[in-house]
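Here the structure is laid out as C-alpha cells; the discussion comes afterwards.
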Amino acid sequence: MTGKFDVVIVGAGLAGMQMLHEVRGAGLTAQVLEAGGGAGGTWYWNRYPGARCDVESLEYSYQFSAELQQDWEWTRRYADQAEIMRYIGHVVERFDLARDIRFHTRVEAMAYDEADATWTVRTDTGDEVVARFVIMATGCLSEPNVPDIPGVKTFAGDILHTGRWPREPVDFTGKRVGVIGTGSSGVQAIPIIAKAAAELVVFQRTPAYTLPAGDEPLDPELQAAIKADYAGFRARNNEVPTAGLSRFPTNPNSVFLFSAKEREAIFEHFWNRGGPLLLRAFGDPLVDPAANEVVAEFVRGRIRQIVTDPEVAAKLTPTHVIGCKRICLGDGYYETYNRPNVRLVDIATHPFEEITPTSVRTGEGSHELDVLVFATGYDAITGALSRIDVRGRDGLSLREAWLAGPRTYLGLGVPGFPNLFTMTGPGSPSVLANVLVAIHQHATWIGECLKHLADNGIRTIEATPEAEHAWGQHVSDVAAQTLLSSCGSWYLGANIPGKKRVFMPLVGFPDYAKKCAEIAATGYPGFALAHDPVPATQS
Ligand code: NAP
C-alpha cells in the first residue's frame, strides 16, 4: 500500500496520539504508523504483572482538551496498566484517532529526497508512504534490552520480557521462575510473581533504591479540587524542574541545616507519604555528594529494618548515588525477600556463566527454572530511533551520525535531516520530566511550527550544525552541575554494551520550555528555513 500525506508520525503511543491531534489542528493530513496492534506504545507492550505508572494519575494525563481532563475520572493515585489502557482507548475513540493509524505496521526505513523535499517511509508490510514531514514519536523506553547471555537461546522454558509481555495472562502457579533485573519493572513484577510462583530466583546486578509508591484509591476531594482549577495546576507543575508534583515543593534548604533527629522525622514523613518525594525533602541531595549520602543512608536503614536476613539485606543495599539511576517505586518490594520461596542471587559478584535448556548457572551455583523473565529495561531514548534506517540528505545515516552519541538541537531536530522532528528526543527533558508534560510541550510546539511553515510558504526546516553543537554542550553542562551522571544509568546509555556514554536527557523542564517558546516566537533561530521555490514565470 502506498500513500501521500503532509505528515507521517511514527508510533501511536501517548506522543503519537497527541501529535496526530495537533497535526489535524494545524489543518494538515497525517498517517500514523504503529507496530503494535493497538494504540498506547509502552503501555500497550508492558502488560507484566504489577505494571503501574510512577507518576500520579492526575498529572499523567493529557492536557490538550479541557473537557477530556474534566470528564475522565481516575480511580487510583497511580493508575495501573489496565486503567491507563482504558484511558488510551477512550482518547482514541473520543478524538476519532484510529482512522489515521495503521496498526501492525513497523517502520523499517525512511529516506529524504532532496529534489522533492519529501520523505519516503518504508514498513515491514511493504507499505511506502510519502510525506513532507516525519515526526518520530517512537518513545524513550520502547526498544527492549535483551542481554546476550551465553546459552540463552537453548532455554527450553518460556522466556518473557517485561517490555514485550504477551496479551494472554501468564500463569506462574507452581512454576520455578527466574527474574533478571531489579529496575522499575522488576521491582513491580517481583512481589506479584513471588506470590504465585513455587520458587522465585531474582538475579540482581545493581540493587535499586526502591521507595514505597503509596498507591491508594484516589481521594475524590483531591480530584475535585484539582479539576476546579486544572489549568492552574498544570501551570504550577510546569514551573517545577521535573514538571510535576507542585503540591509538594522541594525544601530549598540543605540537609545539614537540620539535626539528625529532625532529618529522620522529615524522611519518615516522606517515606510514609509514598512516591519519589524523598529527594525533595531537602535542596542539596542531587548536587552535593555528602547530602546525597544522608538520604541514601536513610533508605539503606529502611532496607535493613524490613529485610530479616542481614545477608540478603546487605545484597539489596545500594551504594551508588541515590537519584542518579531512576528511583523505583514499589509497594511490598523489600518485604518479598522475607518469603521462603524467594532467593536473591547477586550477579555482580557471581556473573552469569551459562543458560542451559533447564537452568541458569552463575558463579554461585545452578538454578533449575521453568520460566525466565527479562526485566532488563531498554536501549533508552535513542534505541527505537536507531533501529530504523533513517537516511537524511545525501544518504546520511542517523544511526551512523549518532555513533559518537546523539546530537540534536533542542531534542527536536538533527542537522542533515530536514523536516524530521524527534519527539522527546535526546537533548530534551523527556524522561527527567513527567513525560506526558514533555509530550504535550513537544506536540504543541511541533504543531505550531508546522502551521507557521505552511502559513509562510516554508518548504524545509533543518537544525543548523552550529545550533546542534552549542545545544549538545548546554545539555552536558547542565547535567554536570548535578550528580545525575555519577553512575552507570540508562540516562547515559551505560546499560547497553558498546553504546557511547553521553548524558542524553536535559535537566530542567521550565527553562527548556521557555527557550523553545522564545525560539518559535523569534523566527526559529538555530533552524535553517528554506522557502518554496518561486514558480517560473510563463513566457
Ligand atoms: P532498568 O531500569 O534499565 O532496569 C533493568 C534492570 O536489568 C537493572 O537492574 C539492570 O541492572 C538489569 N540488567 C540490565 N542488563 C543486564 C544484564 N546484561 N545482566 C544482568 N542484569 C541486567 O529497566 P526497567 O526496570 O524496565 O525500567 C526502565 C525505565 O522505565 C524506568 O527507569 C522508568 O523510567 C520506566 N518504568 C516506569 C515504570 C513505572 O512507571 N512505574 C515501570 C517500569 C518502567 P543494572 O542496573 O546493573 O544495569
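What you see is a predicted model, and the numbers here were worked out from it, not measured in a lab.
Closest heavy-atom contact between Y60 and L14: OH-CD1, 3.6 Å. Residues T162 and A375 come closest through the heavy atom pair OG1-CA, 3.6 Å. The shortest non-hydrogen separation linking A117 to T460 is CB-CG2, 3.9 Å. Residues T250 and G283 come closest through the heavy atom pair CG2-CA, 4.3 Å. In this structure, M17 and L97 approach most closely via the heavy-atom pair CB-CD1, 3.9 Å. Between P49 and W165 the shortest heavy-atom distance is CD-CZ2, 3.4 Å.
Using a 4.0 Å cut-off between a side-chain N of Lys or Arg and a carboxylate O of Asp or Glu, R52 and D54 do not qualify as a salt bridge. Salt-bridge formation is detected for the pair R102/D127: a Lys NZ or Arg NE/NH1/NH2 atom is positioned less than 4.0 Å from an Asp or Glu carboxylate oxygen. Ion pairing of R122 with E128 is present here, as a side-chain N (NZ or NE/NH1/NH2) and a carboxylate O approach within less than 4.0 Å. With salt bridges taken as basic N to acidic carboxylate O contacts below 4.0 Å, one links E462 and R393.
With sequence neighbours left out, W74 forms a ring-ring contact (aromatic ring centres under 6.0 Å, His included) with W72, Y87. Residues that satisfy the ring-ring contact (aromatic ring centres under 6.0 Å, His included) test with H452, not counting sequence neighbours, are Y524. The ring-ring contact (aromatic ring centres under 6.0 Å, His included) search around Y112 returns W119, not counting sequence neighbours. For R76, the salt bridge (charged side-chain N to carboxylate O under 4.0 Å, His left out) test picks out D215, with sequence neighbours left out. Taking the salt bridge (charged side-chain N to carboxylate O under 4.0 Å, His left out) definition, one finds that K514 meets it with E239, sequence neighbours left out. Scored by the salt bridge (charged side-chain N to carboxylate O under 4.0 Å, His left out) test, D113 finds no partners at all (sequence neighbours excluded). Scored by the ring-ring contact (aromatic ring centres under 6.0 Å, His included) test, Y209 finds H320 as partners (sequence neighbours excluded). Residues passing the salt bridge (charged side-chain N to carboxylate O under 4.0 Å, His left out) test with R132: none are found, sequence neighbours excluded.
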- In sequence, state the C-alpha distance, the side-chain angles, and the governing distance for L436 and Y62, and then conclude on side-chain contact (heavy atoms from CB on, under 4.5 Å). CA-CA 7 Å; L436 264 245; Y62 284 128; 4.1 Å; yes
Checklist entry - Taking it one step at a time, do S61 and Q69 satisfy side-chain hydrogen bond (donor to acceptor under 3.5 Å, both in side chains)? => result CA-CA 8 Å; S61 54; Q69 77 182 358; 5.4 Å; no
Apply the test side-chain contact (heavy atoms from CB on, under 4.5 Å) to residues V23 and T29: give CA-CA distance (whole Å), side-chain angles for both, the deciding distance (0.1 Å), then the verdict. CA-CA 7 Å; V23 167; T29 60; over 6 Å; no
Verdict with reasoning, F103 to T105, per side-chain contact (heavy atoms from CB on, under 4.5 Å):
CA-CA 5 Å; F103 294 111; T105 306; 5.9 Å; no
TODO: Check step by step if salt bridge (Lys or Arg N to Asp or Glu O under 4.0 Å) holds for K451 and D455.
DONE: CA-CA 6 Å; K451 188 155 184 342; D455 291 349; 3.1 Å; yes
task = Using the salt bridge (Lys or Arg N to Asp or Glu O under 4.0 Å) rule, take D96 and R24 through it: C-alpha gap first, then chi angles, then the decisive distance, then the call.
result = CA-CA 11 Å; D96 191 17; R24 285 179 181 169; 5.5 Å; no
Decide yes or no on side-chain contact (heavy atoms from CB on, under 4.5 Å) for V134 and V7, but give the supporting numbers first.
CA-CA 6 Å; V134 173; V7 182; over 6 Å; no
Working note: D71 + R94, criterion salt bridge (Lys or Arg N to Asp or Glu O under 4.0 Å); need CA distance, chi angles, decisive distance, verdict. CA-CA 11 Å; D71 291 351; R94 184 172 184 135; 2.7 Å; yes
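When atom types are taken as modelled, the side chain of E56 and the backbone of L58 share no donor-acceptor pair closer than 3.5 angstrom. Side chain of N292 to main chain of V321: no donor-acceptor pair is present (N/O by atom type, distance under 3.5 Å, no hydrogens or angles). Looking at D219, its side chain does come within 3.5 Å of a backbone N or O of E221 through a donor-acceptor pair. Within the 3.5 Å criterion, the main-chain N or O of L245 finds a donor-acceptor partner in the side chain of R280. Put simply, the side chain of D80 gets close to the backbone of A82: a donor and an acceptor are under 3.5 Å apart. Using a distance-only test at 3.5 Å, with no hydrogens or angles considered, no donor-acceptor pair links the side chain of R326 to the main chain of G323. For S486 (side chain) and L483 (main-chain N/O), a donor-acceptor pair under 3.5 Å exists by modelled atom type. Looking only at distances, no side-chain donor or acceptor of E22 sits under 3.5 Å from a matching main-chain atom of A443.
Expressed to the nearest 0.5 Å, how far OG1 of T42 lies from CD1 of I84 amounts to 10.0 Å. We find the CD1-CE distance between I9 and M423 to be 8.0 Å, quoted to the nearest 0.5 Å. Atoms CG and CG, from L329 and L211 in turn, are 6.0 Å apart once rounded to the nearest 0.5 Å. Here the CD-CD distance, from Q70 to E73, works out to 9.0 Å after rounding to the nearest 0.5 Å. Rounding to the nearest 0.5 angstrom, the gap separating the OG atom in S57 from the CZ atom in R77 is 9.5 Å. Atom CG of residue D124 and atom CG of residue L33 lie 10.0 Å apart, to the nearest 0.5 angstrom.
Within the structure, disulfide bond (SG atoms under 2.5 Å apart) pairs that include any residue of residues 392-490 comprise C324-C487 (at least two apart or interchain). Listed by first then second residue, pairs satisfying side-chain hydrogen bond (donor to acceptor under 3.5 Å, both in side chains) with a partner in residues 489-503 read D379-K499, T382-K499, not counting sequence neighbours. Evaluation of the side-chain hydrogen bond (donor to acceptor under 3.5 Å, both in side chains) test over residues 430-449, restricted to residues two or more places apart or in two chains, returns Q18-H440, H442-Y512. Sorted by first and then second residue, the side-chain hydrogen bond (donor to acceptor under 3.5 Å, both in side chains) pairs involving residues 397-411 (not counting sequence neighbours) are R407-E468.
With no hydrogens or angles considered, a side-chain donor-acceptor pair links Y48 and Q188 at under 3.5 Å. Donor-acceptor pairing under 3.5 Å is lacking for the side chains of R234 and S246. A donor atom on one side chain and an acceptor atom on the other are not found under 3.5 Å apart for Q481 and D477. Side-chain atoms of T376 and N145 form no donor-acceptor pair, as typed in the model, at a separation below 3.5 Å.
Other residues, nucleotides and ligands contribute at most 12 non-hydrogen atoms within 6.0 Å of the CD atom of E93. Within a 6.0 Å radius of NZ in K227, more than 12 heavy atoms belonging to other residues, nucleotides or ligands are found. Under a cut-off of 6.0 angstrom, the local environment of NE2 in H531 is crowded, with over 12 non-hydrogen atoms contributed by other residues, nucleotides or ligands.
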